[in-house]
Amino acid sequence: MFDRPERPVLSPAALDEALALVASEMRRRAAGRSDEPVQRERSQGLIARLAGGGLPATGQPLGEVAADLVALLDQRARTDHPRFFAFIPSPVSPASWIGEALTAIANPHAGAWPQAEGPAAVEAALVRWFADAAGLPDTAGGLFVSGGSMANLTALVAARDAALGDDDRHLGAAYISSETHSSVAKALRIIGVAASRIRRAPVDADLRMDAGALAGMIAADRRAGLKPFAVVATAGSTNCGAIDPLHDIADVCAAERLWLHVDGAYGASIALCPEHRALLAGLERADSLSWDAHKWLFQTYGCGLVLVRDRARLFDSFSAGPDYLRDATPDDGATNFWDLGPELTRPARALKLWMTLRVMGLDAVAAAIGHGFRLAEAAEHALRATPDWVVATTAQCAIVTFRYAPEGLDDAAADAVTEAAARRILAEGYAAVGATRIGGRVALRICAIHPETTIADIEETVRRLDACARQELAALRP
Ligand SMILES: *Cc1c(COP(=O)(O)O)cnc(C)c1O
């Protein structure tokens, strides 16, 4: 017999203390957030003391370390606050917390089907369900990845391998637009597409890819000896919520026999909202699709989905089959997820989403998504009713952009005042409103996808932004 080495065990008392802390954190984060400032004062002293304090040779009490962790977790942007409108906010359903915690405790190895049959069946079912929601055919497949960046990367590997061989890979050209998310160009660089062959098609006045210009670029590149292999369209751009003309772009791809990847990391969730589903017309023609659940489906981070029209393409690109994994071959025709994407060992990312969708119900998911549209429309309405503010891009997919531009103020000064107004409202703790650029000029951006944000929150944010801008302007012109 082997002696089992002694190992530290959670005492029942320590476990109770830790669980009580977890429960109180859940209650604290679930309640009363809108009364709190959108940003807490950070304490560099606390961060330095706790994060830089070194590691002990002898273990410390669980409850004490957990309390330190809770303190550190407050030293951050509160992207889940109902008035956090910058970037893509991350309102999270408590069902996702609990699904994530239970998954972490069981820690299934979700790489291979036989290692985690229950979790694998849920992932396969959700992949099927989301493919149906996107209108993809029965041949479609995919898997959960850490987010939109990895989804874009995974899909573009399949696109490249479907079109290019060893001999012409260096000639491959891919098409994006000036509004495409930066993760797409990054993914293309990672898979060996040189910057000069990452081609940016122009956009129209609404910042949607110009499909006619795209076709012209592809033809010119072919004449120059390049091998166009993929077009990346965006369904819900991060900057302003624009949806590229998917049918027009799909027509170009069909005529040119190019892979159409749709980056729906932000906007694909609209497919689950019958009220706005028609905006995504043409999505069903995609060869692949990225879809983030940690954005508009209320998941904790690390939950994205990549779908491919012909799942065999993923297998062709990613299956490896080394000898030491022979035991993990599923015997019922199922595919191991490690053969469909870059990761071998991987967490069961689908479970928290499955739990959330079941706990919320699809009607509530649809209503929450529709609510985001209404919030951005309310913001646009309030801005149009406020003198000196100009809407830069109209409310679409829960995003509106705008700038402060009173008559007589030159563009550079308007840029400065606009940006300063956002800094001021954040410093006051009321709302986080992002700054961006639209058409080369500074604009503010409200991305309103939090289900608990109210129209009153939106109207008060606009009112205060206006007050902030006036104060900044007064400081500029004493
Ligand atoms: C957020 C986003 C991404 C990147 O996704 P991550 O989950 O942050 O990796 C890609 N594309 C679009 C359109 C996005 O909004």
Side-chain angles (χ1 to χ4, degrees), residues 77 79-80 84-92 96 100 130 134 142-157 159 174-191 198 200-201 203 207-209 230-246 249 260-271 279-280 283 286 288-307 341-343 346-347 349-350 352-353 369 372 376 393 396-401 434 436 438 445-450:
T79 55
D80 57 347
F84 188 95
F85 302 120
F87 312 114
I88 307 275
S90 59
V92 173
S96 182
E100 166 117 41
F130 278 93
L143 76 168
F144 280 80
V145 292
S146 61
S149 303
M150 280 304 292
N152 287 334
L153 177 68
T154 304
L156 288 168
V157 169
Y175 300 81
I176 65 178
S177 86
S178 51
E179 295 297 301
T180 307
H181 191 273
S182 58
S183 64
V184 173
K186 191 192 233 182
L188 288 167
R189 284 202 305 278
I190 293 171
I191 68 170
I198 302 172
R200 279 179 202 271
V203 292
L207 304 180
R208 297 156 18 114
M209 187 186 275
V231 176
V232 180
T234 302
S237 72
T238 317
N239 207 20
C240 71
I243 297 173
D244 284 336
L246 300 177
I249 295 170
L260 171 58
H261 175 65
V262 176
D263 182 356
Y266 174 59
S269 296
I270 295 164
L279 292 171
L280 298 180
L283 185 67
S288 56
L289 171 65
S290 299
W291 189 332
D292 260 350
H294 61 210
K295 287 179 177 164
W296 218 345
L297 288 178
F298 318 119
Q299 297 306 293
T300 57
Y301 290 139
C303 196
L305 177 61
V306 55
L307 295 169
E343 294 173 296
R346 55 197 286 277
R349 299 185 175 96
K352 60 190 178 185
L353 175 59
I369 292 167
T393 60
Q396 26 181 6
C397 305
I399 299 176
V400 62
T401 67
T436 182
I438 299 285
R445 177 176 163 282
I446 284 182
C447 177
I449 58 172
H450 200 306

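All ligand and atom numbering here is 1-based and tracks the order in the structure.
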What about Ser237: any of its N or O atoms under 3.5 Å from an N or O on ligand 1?
-> no

One should read off an interatomic distance between Thr300 OG1 and His294 NE2, to the nearest 0.5 angstrom, of 9.5 Å

Distance col, row Leu207:CG vs Asp244:CG, nearest 0.5 angstrom, shows 10.0 Å

CD1 of Ile191 to CG of Leu156, rounded to nearest 0.5 Å, is 5.0 Å

Interatomic distance, CD1@Ile369 vs OG@Ser269, rounded to 0.5 Å, equals 5.0 Å

Q) Between Tyr266 and Trp296, what is the ring plane arrangement, given parallel below 30°, perpendicular above 60°, and tilted in between? A) parallel

For Ala265, the ligand 1 atoms with a heavy-atom partner under 4.0 Å come out as 2 (C), 3 (C), 10 (C), 11 (N), 12 (C), 14 (C)

Distance col, row Thr234:OG1 vs His181:NE2, nearest 0.5 angstrom, shows 9.5 Å

Ser149 side chain to Lys186 side chain, donor-acceptor N/O pair below 3.5 angstrom: no

### Message
So is Ser183 touching ligand 1 or not, going by heavy atoms under 4.0 Å?
### Response
yes

Among non-hydrogen protein atoms, atom 6 (P) of ligand 1 lies closest to Gly148 N, 3.4 Å

Atom 13 (C) of ligand 1 sits nearest the protein heavy atom Thr238 OG1, 3.3 Å

A student checking ligand 1 against Asp292 at a 4.0 Å heavy-atom cut-off should list atoms 5 (O), 6 (P), 7 (O)

Ranked by distance from atom 11 (N) of ligand 1, the top protein heavy atom is Asp263 OD2, 2.6 Å

One should read off an interatomic distance between Thr401 OG1 and Gln396 CD, to the nearest 0.5 angstrom, of 8.5 Å

With the threshold set at under 4.0 angstrom, would you say Lys295 reaches ligand 1 through any of its heavy atoms?
yes

among protein heavy atoms, the one nearest atom 4 (C) of ligand 1 is His181 CE1, 3.5 Å

Evaluate Met150 for polar contact with ligand 1, using N/O atom pairs at a separation under 3.5 Å. no

At under 4.0 Å between heavy atoms, what of Ser149 touches ligand 1? The answer is both

Checklist entry - Hey, is ligand 1 close enough to Ser146 that some N/O pair sits below 3.5 Å? => result no

